[in-house]
Amino acid sequence: MLAQYLDISPRVQEALKNGEPVVALESTIIAHGMPYPQNKTTALEVENIIRNNGAVPASIAIINGKLKAGLSTEEIDLLAKSGSRVPKASRRDIPFLVAKKSHGATTVASTMIIAALAGIRFFATGGIGGVHRGATETMDISADLQELARTNVAVVSAGAKSILDLALTLEYLETQGVPVVGYQTKEFPAFYTRKSDLKVDYKVDEPLEIAQALKAKWDLGIDGGVLIANPIPAADQMEFEPINQAIELAIAEVERLGIKGKETTPFLLSKIEKLTQGASLKANIQLVFNNAKLAAQIAKAYSEMR
Ligand code: PSU
Ligand code: MN
């Protein structure tokens, strides 16, 4: 029954059968999170980094209504060139895109769902969605958080952007029972910067430590994911003041234009890129590379343990 919907590439299938480490990658970041051609070169380079660190990459998207785990270069090229013409697909969108045989660029939430269906437990991205600033009024809370509560996939991210209310995002994850783990840090990183003055639940120093905790969680049937927060490398981080100014301006623009719902995050990302003359994009690319490497190392430690 599942085979009717799910299409796992031969290389990913082989890896899963042999118990090799596999790392999932999302496609909203390609179609909506970065401009062409940087989105394409980044997506391909991220896959290489995962291979160079001993794991098999599985980029995830919906192509002609099929849930794909493992994309061809042509499919990555299609998503990169089509950009926002490919619908952004979160949990609620999957059934409709499948029924219409449409393409879909998967968010963190829907990438987790498809990864779990394929049997993949590790996932690298840039930043997750979260509780937006002003959410006490707008109730704008990303479906990513609810997905982390229920689906057994560990997500490596550089924390979350301060386009979000980071403190409320952490509160939400706490309520939902999602562990937030800092890789070699006690502080929850804020995407473009390493600092936020907010604490993670656990600091871990080695990929194996995370793998061991995940094994215990899932062996015990404590369903749900884990958020692994991996700070942007110090050499690539942005200065606190200019980036936060850009974020403030971008949020003001969202309010002025009345942008809502799924358009909000992509709009903010491209506005911030313009306001920082491309510096935010450069930082974004570097932190994704850094996350891919860590996710591959954790996936490898997990597969060697078993
Ligand atoms: N944050 C980023 N870059 C991104 C996203 C979030 O820094 O590309 C994307 C991810 O795909 C994430 C989605 O899952 O936006 C969240 O969108 P929303 O807030 O509409 O749930
Ligand atoms: Mn939202």
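Small disclaimer: the values here were computed from a predicted structure and weren't measured. Start at 1 and go down the list; that is how both ligands and their atoms are numbered. Sequential numbering from 1 along the given sequence is applied to the chain's residues.
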Query - Check: Tyr202 and Glu209 side chains under 4.5 Å, non-hydrogen atoms - result: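 With C-beta onward as the side chain, the pair stays apart.
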
Is [X] salt-bridged to [Y], going by a charged N under 4.0 Å from an acidic O?
| X | Y | value |
| --- | --- | --- |
| Arg133 | Glu255 | no |
| Lys17 | Glu14 | no |
| Lys68 | Asp7 | yes |

**Report entry** Name of the residue among Lys195, Lys199, Lys203 meeting salt bridge (charged side-chain N to carboxylate O under 4.0 Å, His left out) with Glu187
**Finding:** Lys195

Query raised in the report: How close do Pro233 and Asn290 get, heavy atom to heavy atom, and via which atoms?
Result: CD-ND2, 3.5 Å

Query - Atoms of ligand 1 close to Phe191 [distance to a heavy atom under 4.0 angstrom, numbered from 1] - result: 7 (O)

Query raised in the report: In Asp140, the N, O or S atom nearest to the Mn ion (ligand 2) is which?
Result: OD1

Report task. Could you walk me through whether Tyr183 and Ile298 pass side chain to side chain contact (heavy atoms under 4.5 Å, CB included), step by step? Result -> CA-CA 11 Å; Tyr183 184 63; Ile298 297 168; 5.9 Å; no

Report task. With atom 6 (C) of ligand 1 as the reference point, say which of Gly126, Gly127, Ser110 has the nearest heavy atom. Result -> Gly127

Heavy atom of the protein closest to [atom] (residue, atom name, distance):
| atom | value |
| --- | --- |
| atom 9 (C) of ligand 1 | Thr28 CG2, 3.9 Å |
| atom 11 (O) of ligand 1 | Glu26 OE1, 2.6 Å |
| atom 21 (O) of ligand 1 | Ser142 OG, 2.7 Å |
| atom 7 (O) of ligand 1 | Lys161 NZ, 2.1 Å |
| atom 13 (C) of ligand 1 | Asp144 OD2, 4.1 Å |

Is [X] close to ligand 1, meaning an N/O of one under 3.5 Å from an N/O of the other?
| X | result |
| --- | --- |
| Leu269 | no |
| Thr106 | no |
| Thr265 | yes |

Query raised in the report: So, does Lys88 sit close enough to ligand 1 that a heavy atom of it is under 4.0 Å from the ligand?
Result: yes

Report task. Starting from the C-alpha separation in whole Å, work towards a yes-or-no answer on side chain to side chain contact (heavy atoms under 4.5 Å, CB included) for Glu147 and Thr107. Result -> CA-CA 11 Å; Glu147 206 60 51; Thr107 63; over 6 Å; no

